[in-house]
Amino acid sequence: MMNLEPSAAEILLWLFVLNLGVAFGAGLYEHRIALPRWLNVTGGHWSAEAARQDDVGRRFWGVVTTGPLTLLTLASLYFATRATGPLRSWWLAAALVVLVDRVLTFSYFIPTMVRLMQSPDTPAAVETATRWVRMNHLRHALAGGAWFAALQALSWLRVKGAG
């Protein structure tokens with residue numbers, strides 16, 4: 001008879017994959033839908049009012065990634081180092097990439113957006129917001145790559161569990 005009881009590590013990996021997928025998709029959505037309300041690149045205008053009105057940092061990101069993804073990443077680093085074979089490699093790769101994303105988020109993205117939300121519509125604010133948007137492409141690449149690696153880890157977990 002198969003053991004259908006998932007381990008804590010399996011549950012954590014599932015949660016990591018799900019949370020990372022939501023974060024990746026939401027990041028793309030924000031970039032395509034919300035961000036154009038805040039920054040008009042062609043006209044060279046920054047709308048701190050629109051950014052404050054949306055307040056996605058507190059309304060969404062804080063609930064989805066700031067706390068949960070950070071904790072899932074730290075826990076994944078712990079469990080991934082105890083895994084073996086391809087599961088370990090993929091899971092550790094995903095967790096390390098998300099760790100880089102978390103460091104960038106806390107050191108650059110959050111503080112910069114907090115400042116931008118208080119900034120008037122000036123050329124300096126537009127330049128800062130434009131740089132933030134360009135850097136955000138790196139964050140999308142990191143999240144997408146980490147999600148792919150975490151999905152690969154999950155597939156190896158299934159292969160290992162079937163054996």
Value for CZ (Phe109) from CE (Met135), rounded to nearest 0.5 Å, stands at 5.0 Å
Would you find more than 12 non-hydrogen atoms of other residues, nucleotides or ligands less than 6.0 Å from Tyr108 atom OH? yes
Reported CG-to-CG distance for the pair Leu77 and Leu96, which is rounded to 0.5 angstrom: 5.5 Å
Can a donor-acceptor pair be found, under 3.5 Å and without considering hydrogens, that links the side chain of Asn19 to the backbone of Val64? yes
Which residue pairs pass the salt bridge (Lys or Arg N to Asp or Glu O under 4.0 Å) test with at least one member in residues 117-142, sequence neighbours excluded? Glu127-Arg131
Donor-acceptor side-chain pairing of Ser76 and Trp91 below 3.5 angstrom: yes
Heavy-atom closest pair, residues Trp46 and Pro120: CD1-O, 4.1 Å
Note: Ala51 and Met117 closest approach over all heavy atoms is O-CE, 3.8 Å
Residues clustered with Val114, ILVMFWY side-chain links under 4.5 angstrom: Phe106, Ile110
Here the gap from Arg102 atom CZ to Leu69 atom CG, rounded to the nearest 0.5 Å, amounts to 5.0 Å
Side-chain heavy atoms nearer than 4.5 Å, only ILVMFWY residues, links allowed to pass through others: does that put Trp132 and Leu142 together? yes
A quick test of your reading: do over 12 heavy atoms of other residues, nucleotides or ligands sit less than 6.0 Å from CH2 of Trp147? no
Between Phe16 and Ala94, the two heavy atoms sitting closest are CE2-CB, 3.9 Å
Here the pair of heavy atoms bringing Ala23 nearest to Thr65 is CB-CG2, 3.5 Å
So CG of Leu154 and CG of Leu87: to nearest 0.5 Å the spacing works out to 9.0 Å
Joint hydrophobic cluster, Val17 plus Leu74, side-chain heavy atoms closer than 4.5 Å: no
So OG1 of Thr70 and CG of Asp101: to nearest 0.5 Å the spacing works out to 8.5 Å
Same apolar cluster: Trp156 and Ile11, side chain cutoff 4.5 Å: yes
Output a table of donor-acceptor pairs, distance under 3.5 Å, between side-chain atoms of residues 55-62 and any protein atom two or more places apart or on a different chain; print 'none' if there are none.
{"residue": "Asp55", "atom": "OD2", "partner": "Arg58", "partner atom": "NE", "Å": "3.0"}
{"residue": "Asp55", "atom": "OD2", "partner": "Arg58", "partner atom": "NH2", "Å": "3.2"}
{"residue": "Arg59", "atom": "NH1", "partner": "Gln53", "partner atom": "O", "Å": "3.0"}
{"residue": "Arg59", "atom": "NH1", "partner": "Asp54", "partner atom": "O", "Å": "3.4"}
{"residue": "Trp61", "atom": "NE1", "partner": "Glu30", "partner atom": "OE2", "Å": "2.7"}

Nearest 0.5 Å, what's the CG-CG distance between Leu13 and Leu20? 10.5 Å
Is there a path of hydrophobic side-chain contacts, each under 4.5 Å between heavy atoms of I/L/V/M/F/W/Y residues, joining Leu15 to Val22? no
For atom CZ of Arg82, decide whether the heavy atoms of other residues, nucleotides or ligands shown that lie under 6.0 angstrom number more than 12. yes
Note: Ala50 and Arg37 closest approach over all heavy atoms is CB-O, 3.5 Å
Tell me, do Leu28 and Phe24 make a side-chain contact under 4.5 Å, heavy atoms counted? yes
What's the shortest heavy-atom distance between Leu116 and Ala125, and which atoms? CD2-O, 3.5 Å
